[in-house]
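Everything below concerns the one structure shown next.
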2 protein chains.
Amino acid sequence: MTMRRTALKPADAQQASIANVAERAGVSIATVSRVLNGIANKASPETVARVRQAVAELDYRPSSAGKSLRQRQSRLVAVLAANLANPTMAAIAASTEVALRQQGLVMVLCDTHDDPKLQDEYLREMRAQQARAIVFLGAVASPMLDLMRGGPTPLIFVNRRDPGDPNGDFVGIDNVQAGRDVATHALAHGIRHPALIHAPLASSATRARVEAIVESFAAAGHPIPPSLVLGPAEKEHLAIGYAAARLLQRDGADYDALICTGDLIAFGAHRFIEESARPVSLPIYGFDDNPLNDWVAPWLSSVLIPYGTFGQAVAELIAEDREGGDRERVLPHKLVDRRRS
Amino acid sequence: MTMRRTALKPADAQQASIANVAERAGVSIATVSRVLNGIANKASPETVARVRQAVAELDYRPSSAGKSLRQRQSRLVAVLAANLANPTMAAIAASTEVALRQQGLVMVLCDTHDDPKLQDEYLREMRAQQARAIVFLGAVASPMLDLMRGGPTPLIFVNRRDPGDPNGDFVGIDNVQAGRDVATHALAHGIRHPALIHAPLASSATRARVEAIVESFAAAGHPIPPSLVLGPAEKEHLAIGYAAARLLQRDGADYDALICTGDLIAFGAHRFIEESARPVSLPIYGFDDNPLNDWVAPWLSSVLIPYGTFGQAVAELIAEDREGGDRERVLPHKLVDRRRS
DNA sequence: GTGAAAGCGCTAACAT
DNA sequence: ATGTTAGCGCTTTCAC
């Protein structure tokens, strides 16, 4: 059952090469290259015109393989997402794709499933592809990551910071402030003993949120008892929320709001509450605020994270030839209040 | 010969090349190439071992640029999605990524925004990248598509068929049967005059669903009056549903169920109903059945489309050296009944 | 201002 | 069974 490779002759609709353009324009390939790469003061206006003409006529596009081979660098940018099923990741990926495209870069999307082994596999692959940069949507610590850190390929961490270097390139929100915002809002609206449901603390974002919330409530004189702080009992965010809500009910916990470190967790918790014998209606807070929330979760107050603008920030970081000073883009968030009147 | 080190920019953590492997293993680069590509009967077991050893020691991965240049074909597979914000597209992309990965292929994800111009731009780019195959998640008619059809690059159409060739490679469900299933189910449960809200009929999938539903009801002696068939008044699926539901209310239409050609449309319609003065509770049908539905839309009966298996089918189509007979993968769907008891 | 030519890493003919 | 070698398309000295 051998997998035969396709014959070596995909050459069919022979794609024009730089040589064809040169011939047609009556110049050398070197000249074509210079014109196309905008090397200044290196071609007469007349030559430039002839080259452009030929390019247009042949619908020529430089072969990326040739270019990459020569330059030892491709136009590929890898985006390694921890979990593509998460709408949040998909949203960031979408915005990143648009922004990269505007810079003539191409996005390669990979799902690491939060698995260090798989992440490394992708990192190796991307090294072979000579990727221009690598974007992590939820990085996990791994050997190859350690190896590539400091290397020539820019590594950009979105949402979750580089687990091995808190000063690495970063795009995200101020999670400490966001946590405080939620706590402040809750306190201002009479909430005194919320239950706090959170994802694994391995993520710097989750950690910051949890700490900020806990500290804010403590500072306000309403410390959250440990029994009301529930960690991940499951793998999926949805399941985490569901399980936590069940646990709260089973233990007969007394709480006046639910604060979740992610909207999906809130979805899970809400579902359990809705399914229970006599659903209670209490404020629920989350983070992310997917646009879909307006439609499917009008009961959820959530910290709106501007994922649609993340891509732009990522692209800028890549463009700013890594020399630039501040390698950090902290974007503005906003708490969307959807408490039921 | 000399080990000349051309001082090109990104030269840093010098990635091992086939020459390095050859040197280390004490063989020629041709032998290394043969071993790595599994050319049978062409190397002694001992040589193979030495080569593999060297490969492991150097953590060598063949440069894709070199390979692509030589073979005139890259390992990139482009996925052109009409709208990445749609969770459905994201789900297909995710499953495709996994399946491609297993074949050593790499997914490039692009969002065409359903725009022919942009789709063509991507097609040109992917030609320059010498993509192995191109996967359309909702193709739109465009000049470059016409040009590439019949070319050497496999084109695979998911969900929506090739707008220019109904016989092109296809992965999806039997939309006619799915439409009938919904109608049959509705009829069996006493529904006699449903309102039908649909997306633009430009999509072959939508068209098939609408026709099947209309015909089924007509055949059962309960034809759906034109006034109850609402087309797209907006651009987004969510907005389509919302606007349609509003229209129905304004016109005081009399209907006993809502059938939507997509879950997002159903979300929109449901939202309007919920927001209205006295929300009515009536059966709502959709198509897609995102896994999130169990959590956020327990009121929605929907045709479960196995998007998680689409990727596998796509990958198979790509692997099957395009000679293979049936270039069509019609996958099984299933109506999930979530009517409120 | 322009051209000739040397490779970048790889595979496949063609030797041996 | 293994080595030699000719390019694939491109950028970039180095000549002129």
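Each chain gets a letter, A, B and so on, in the order its sequence line appears, and its residues count up from 1.
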| message | With nearest nucleotide decided by heavy atoms, which residue, B:P45 or B:Q130, maps closer to the 5′ end of DNA chain D? | response | B:P45
| Base D:dG9 to side chain B:R72, donor-acceptor N/O within 3.5 Å cut-off | no
| In this structure, are over 12 heavy atoms from other groups packed under 6.0 Å from A:E23 atom CD? | no
| request: Could you check if a side-chain atom of A:D120 sits within less than 4.5 angstrom of a side-chain atom of A:E125, using non-hydrogen atoms only? | output: no
| task | State, with a plain yes or no, whether a side-chain heavy atom of B:H113 is found less than 4.5 Å away from one of A:V98. | result | yes
| Does any N or O donor sit under 3.5 Å from an N or O acceptor when you compare the side chain of B:R61 with the base of C:dG9? | no
| field | B:S28 side-chain proximity, nearest of D:dT2, C:dG3, D:dG9 | value | D:dT2
| query | Of all the nucleotides listed (C:dC14, C:dT11, D:dT13), which has the minimum atom distance to the side chain of B:R34? | reply | C:dC14
| query | What's the closest nucleotide to the A:S63 side chain, out of D:dT12, D:dC10, C:dA13? | reply | D:dC10
| request: Output the single nucleotide from C:dA5, C:dG1, C:dG9 whose closest atom is nearest the side chain of A:T47. | output: C:dG1
| D:dG9, D:dC10, C:dG3: which one has an atom nearest the side-chain heavy atoms of B:L69? | D:dG9
| message | Quick check for you: among C:dG1, C:dC10, D:dG3, whose closest atom lies nearest to any side-chain atom of A:S44? | response | C:dG1
| task | For B:A30, report the nucleic acid contact type (base, sugar-phosphate, nothing); a contact means any heavy atom under 4.0 Å. | result | base
| field | Backbone of A:V140 reached by a side-chain donor or acceptor of A:Q119 within 3.5 Å | value | yes
| query | Of all the nucleotides listed (C:dA12, D:dG9, D:dT2), which has the minimum atom distance to the side chain of A:I18? | reply | D:dG9
| note | Of C:dT11, D:dT13, C:dC8, the nucleotide closest to the side chain of B:S33 is C:dT11
| request: Please determine, for the side chain of A:R70, which listed nucleotide (D:dT11, C:dA13, C:dC10) has the closest atom? | output: D:dT11
